[in-house]
2 protein chains.
Amino acid sequence: MSSRPVRWLSSDQQLAWRSYVVGSTLLLAKLDRELRDAFGIALPEYEILVRLSEAPHGRLRMSALADSMCHSRSRVTHTVKRLERRDLVARTASDADGRGVEAVLTAAGRALLERAAPVHVEGVRRHFVDVVSPEDLAAVGRAFGTVADDLVTEHPAADIR
Amino acid sequence: MSSRPVRWLSSDQQLAWRSYVVGSTLLLAKLDRELRDAFGIALPEYEILVRLSEAPHGRLRMSALADSMCHSRSRVTHTVKRLERRDLVARTASDADGRGVEAVLTAAGRALLERAAPVHVEGVRRHFVDVVSPEDLAAVGRAFGTVADDLVTEHPAADIR
DNA sequence: GCGGAGTAGTTGAATCCTCGACCATTATGG
DNA sequence: CCATAATGGTCGAGGATTCAACTACTCCGC
């Protein structure tokens with residue numbers, strides 16, 4: 001058990017890492033609060049509405065929803081149940097697959113989203129996109145795209161699913 | 001109330017933003033799980049141990065702990081209470097300030113941290129630092145450093161504190 | 001030194017997320 | 001076909017986080 005020596009982070013790397021952790025924490029908390037205060041919905045709930053709105057007929061299977069957000073199926077079930085209680089989405093059985101369930105955006109859900117989206121986008125701009133340089137923004141996208149690919153394909157599939 | 005037109009994100013900006021949200025979600029979840037599986041502590045708990053270990057005598061006030069992680073005081077109280085229950089930290093009254101409470105790393109806490117740190121750092125490397133280019137890493141650090149500064153100084157102080 | 005304003009921290013309830021167990025349905029293989 | 005495995009989804013319990021009080025102490029002005 002001759003453990004090889006730990007490869008600690010350089011001080012530059014450590015600084016970058018901590019800046020990311022703190023900045024990211026603050027950013028997501030801020031955007032969450034803005035949506036909550038203005039519309040009473042949390043960021044994950046908002047993102048579900050967005051994904052539904054982008055799907056044909058505002059309709060998507062629970063598993064597709066879960067996969068696209070990298071959330072557990074259980075989490076999506078709970079989140080959608082909350083949204084359903086507020087009549088922002090509805091659930092119907094899938095007719096192709098007897099096991100499947102599809103979530104649909106209701107009229108109220110679409111209306112809420114149309115009011116919320118500009119506010120949210122404005123927040124993303126003010127607190128993120130507009131405060132970093134275009135080059136750094138592109139780098140962030142590249143970096144986390146790579147991270148996501150790495151984590152999704154790492155194990156023989158079936159990680160978050 | 002002539003609302004000015006919404007400045008939507010360009011598709012590049014949108015892609016960068018979504019990559020960040022998904023990649024970040026996956027990354028933090030992964031690192032959290034690694035610590036949980038190997039040592040039974042969550043990422044926020046680990047970070048408290050780290051900050052304590054870096055402070056003189058392994059001792060820090062609750063508010064300093066909260067500020068350095070950008071967590072609410074209430075959250076730190078709960079987290080430290082959990083750590084105290086497992087004898088990884090102890091709490092003592094601050095003698096300078098009668099209101100203050102200081103958290104101290106116990107021997108067990110330090111021992112756990114010394115086992116956990118190499119594993120965590122290795123995870124940060126494998127899933128983040130080593131999969132992105134040094135330039136992109138630096139850009140991520142710059143970007144979120146800016147974001148954090150912006151959010152901390154935005155309101156007349158006293159935002160998360 | 002007294003009274004009010006601000007600071008430090010805790011508490012408990014409500015909410016959200018995770019985990020494991022579970023049911024129903026669909027594929028697979030002999 | 002039929003047994004078994006795999007997939008899609010739900011549920012409830014327990015743990016974590018937030019929120020709104022609340023206590024206790026310090027600081028400041030007078």
Calculate the interatomic distance between [X] atom [atom1] and [N] atom [atom2]; express it in whole Å.
X      : N       : atom1 : atom2 : result
L35(A) : dC16(C) : CG    : P     : 14 Å
L28(B) : dT18(C) : CG    : C1'   : 16 Å
L43(A) : dC16(C) : CG    : P     : 13 Å
R85(A) : dA14(C) : CZ    : C1'   : 12 Å
R99(A) : dT25(C) : CZ    : P     : 10 Å
R61(B) : dT10(C) : CZ    : C1'   : 14 Å
R73(A) : dC17(C) : CZ    : C1'   : 17 Å
M62(B) : dT10(C) : CE    : C1'   : 9 Å

Verify same cluster id: [X], [Y] (apolar side-chain graph, 4.5 Å):
X       : Y       : result
L151(B) : L28(A)  : yes
L52(A)  : V104(A) : no
V22(A)  : L15(A)  : no

Check: Which of parallel (below 30°), tilted (30 to 60°) and perpendicular (above 60°) describes Y20(B) and F144(B)?
Finding: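 The rings of Y20(B) and F144(B) sit tilted, inter-plane angle from 30° to 60°.
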Is [X] reaching over with its side chain to a backbone N or O of [Y], donor-acceptor style, under 3.5 angstrom?
X       : Y      : value
T106(B) : D87(B) : yes
R125(A) : W8(B)  : yes
S24(A)  : V21(A) : no

Next item on the list: Go through DNA chain D in 5' to 3' direction and return only the first and the last nucleotide with some atom under 4.0 Å of chain A's heavy atoms.
Entry: dT7(D) to dC19(D)
Check: Starting at the 5' end of DNA chain C, which residue's closest nucleotide do you reach first, E45(A) or G98(A)?
Finding: E45(A)
Next item on the list: On DNA chain C, check which nucleotide each of A96(A) and G100(B) is closest to and give me the residue with the more 5' one.
Entry: G100(B)
Margin query: I'd like to know if R7(A) pairs up with D130(B) as an ion pair, taking the criterion as any Lys NZ or Arg NE/NH1/NH2 lying under 4.0 Å from an Asp or Glu carboxylate oxygen.
Written below: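 D130(B) and R7(A): salt-bridged.
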Margin query: Ignoring hydrogens, what is the shortest heavy-atom contact between P44(A) and H71(A)? Give both atom names and the distance.
Written below: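 Taking P44(A) first and H71(A) second, the nearest heavy atoms are CB-CE1, 4.1 Å.
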Note to self: Is there a side-chain contact between R91(B) and the phosphate of dT10(C), meaning an N or O under 4.0 Å from OP1 or OP2?
What the structure shows: yes
Notebook entry, point to check: Which residues, if any, of residues 74-83 of chain A bring a heavy atom under 4.0 Å of DNA chain D?
Noted result: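 When residues 74-83 of chain A is checked for heavy atoms under 4.0 Å from DNA chain D, the hits, listed by number, are S74(A), T77(A), H78(A), K81(A).
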Note to self: With side-chain contact (heavy atoms from CB on, under 4.5 Å) as the criterion, how do T79(A) and M69(A) come out once you've worked through the C-alpha distance, each side chain's angles and the decisive distance to 0.1 Å?
What the structure shows: CA-CA 12 Å; T79(A) 309; M69(A) 297 199 304; over 6 Å; no
Next item on the list: With rounding to the nearest 0.5 Å, note down the distance linking CZ in F128(B) to CD in Q13(A).
Entry: 10.0 Å
Next item on the list: Report the nucleotide, chosen from dC17(C), dG6(C), dT18(C), that has the shortest atom-to-atom distance to any side-chain atom of S72(A).
Entry: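 Output: dT18(C).
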Next item on the list: Enter the inter-axis angle for the ends of the helix from dG1(C)-dC30(D) to dG30(C)-dC1(D) (five pairs per end, rounded to 10°).
Entry: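 One end's axis against the other's: 30°.
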Note to self: We want to know whether S133(A) and R142(B) form a side-chain donor-acceptor pair, criterion being a heavy-atom distance below 3.5 angstrom.
What the structure shows: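 No donor-acceptor contact under 3.5 Å links the two side chains.
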